Amino acid sequence: MTSTSSVRRVALLAAALAALAVSCGTTPEPDRPAAGPGTAATASASTGSPAPSSGEKVRDAFATLQATLNDSCATDCAYFLGRVHKELQELDGAMKADPKGPGHFPEPIQKIAELNKTLAGDSSYENLKKHEKLLVGTRDFINTWMQGHPDDYR
């Protein structure tokens with residue numbers, strides 16, 4: 001079991017480093033507001049994320065979601081839950097706008113839709129905390145699903 005865990009950690013680290021290498025290219029990206037303590041959800045929850053134009057955007061969105069894997073509510077719960085929610089919304093937008101089409105990502109899109117239905121547009125800390133298990137479970141499900149689809153994030 002330890003070797004499987006070690007292999008996963010190495011794979012996650014490699015994916016994150018690859019995504020960072022791509023995101024550090026010479027093409028500037030527009031500034032995005034960072035979710036912090038007390039911030040509400042981004043407009044992407046109700047209006048959709050900026051439309052990515054390539055699979056690279058799914059990779060980047062997945063890498064930022066993966067960056068939350070070792071975080072928890074232990075330090076700053078409002079920031080953590082807000083960030084996981086924001087990253088899921090951005091990944092959802094990237095998957096829906098991907099050239100492969102939203103049908104290429106049916107399970108992750110469905111899980112995010114279920115989460116959004118439960119949250120009912122309320123991304124306040126209180127509501128995210130109330131549904132913390134579902135929020136983190138959705139993140140973990142998508143992480144596992146994407147690990148089985150490496151062509152979508154490498």
Side-chain angles (χ1 to χ4, degrees), residues 1-25 29 31-42 44-45 48-50 52 54-98 100 102 104-119 122-154:
M1 188 71 159
T2 303
S3 63
T4 301
S5 179
S6 297
V7 170
R8 274 194 184 156
R9 284 186 185 136
V10 170
L12 288 174
L13 181 59
L17 290 174
L20 283 173
V22 170
S23 68
C24 292
E29 293 204 21
D31 290 336
R32 289 190 286 198
T39 50
T42 60
S44 65
S49 296
S54 72
E56 181 176 76
K57 297 296 183 177
V58 170
R59 179 179 60 223
D60 293 345
F62 179 56
T64 58
L65 180 67
Q66 281 187 306
T68 69
L69 289 174
N70 291 323
D71 293 338
S72 71
C73 274
T75 307
D76 186 345
C77 197
Y79 173 76
F80 168 68
L81 296 177
R83 180 169 178 212
V84 171
H85 181 259
K86 175 184 156 289
E87 300 302 345
L88 285 169
Q89 300 309 313
E90 290 180 1
L91 182 60
D92 184 54
M95 288 177 167
K96 288 177 179 175
D98 190 83
K100 296 174 187 172
H104 186 73
F105 306 97
E107 291 92 350
I109 290 172
Q110 178 185 354
K111 285 289 190 183
I112 294 170
E114 291 168 6
L115 171 68
N116 289 341
K117 183 177 180 181
T118 300
L119 294 176
D122 181 0
S123 60
S124 66
Y125 168 69
E126 293 76 19
N127 199 42
L128 294 178
K129 182 67 177 162
K130 177 181 174 182
H131 299 289
E132 178 180 0
K133 186 175 180 178
L134 177 62
L135 182 67
V136 173
T138 300
R139 177 205 62 187
D140 294 347
F141 171 86
I142 291 172
N143 179 60
T144 300
W145 190 91
M146 289 293 287
Q147 295 300 325
H149 298 83
D151 290 347
D152 294 318
Y153 69 89
R154 287 189 181 156

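Since the structure is predicted, the reported quantities are computational estimates derived from the model, not experimental observations.
In this structure, the separation between OG1 on Thr144 and NE2 on His149 is 12.0 Å, given to the nearest 0.5 Å. The distance from atom NZ of Lys130 to atom CG of Leu81, rounded to the nearest 0.5 Å, is 14.5 Å. Separation of atoms CG (Leu115) and CG (Leu88) is listed at 6.5 Å; rounding is to 0.5 Å. Annotation: the span from Glu114 atom CD to Phe141 atom CZ amounts to 8.5 Å, rounded to 0.5 Å. With values rounded to the nearest 0.5 angstrom, Lys57 atom NZ is found 12.0 Å from Asp98 atom CG. One finds the CE atom of Met146 at 9.0 Å from the CD1 atom of Ile142 (value rounded to the nearest 0.5 Å).
Residues Arg83 and Asp71 meet the side-chain proximity criterion, which asks for heavy atoms closer than 4.5 Å. You'll find the side chain of Gln147 reaches within 4.5 Å of the side chain of Phe62, heavy atoms only. Using a 4.5 Å heavy-atom cutoff, the side chains of Phe105 and Leu91 are not in contact.
Taking every heavy atom of both residues into account, Ala78 and Tyr125 meet most closely at CA-CD1, 3.4 Å. The shortest heavy-atom contact between Ser123 and His85 is CB-CE1, 3.8 Å.
In this structure, Lys86 pairs ionically with Glu90, as a charged nitrogen and a carboxylate oxygen lie closer than 4.0 Å. Of the charged side-chain nitrogens involved, at least one lies within less than 4.0 Å of a carboxylate oxygen, so that Glu132 and Lys129 count as a salt-bridged pair.
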Table please: side-chain donor-acceptor pairs of residues 133-140 below 3.5 Å, with sequence neighbours left out.
residue	atom	partner	partner atom	Å
Thr138	OG1	Leu134	O	2.7
Arg139	NH1	Thr68	O	2.8
Arg139	NH1	Thr68	OG1	3.4

* To do: Applying side-chain contact (heavy atoms from CB on, under 4.5 Å), run through Leu65 and Asn143 and close with a yes or a no.
  => CA-CA 8 Å; Leu65 180 67; Asn143 179 60; 5.8 Å; no
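No donor-acceptor pair closer than 3.5 Å links the side chain of Asp92 to the backbone N or O of Ile112.
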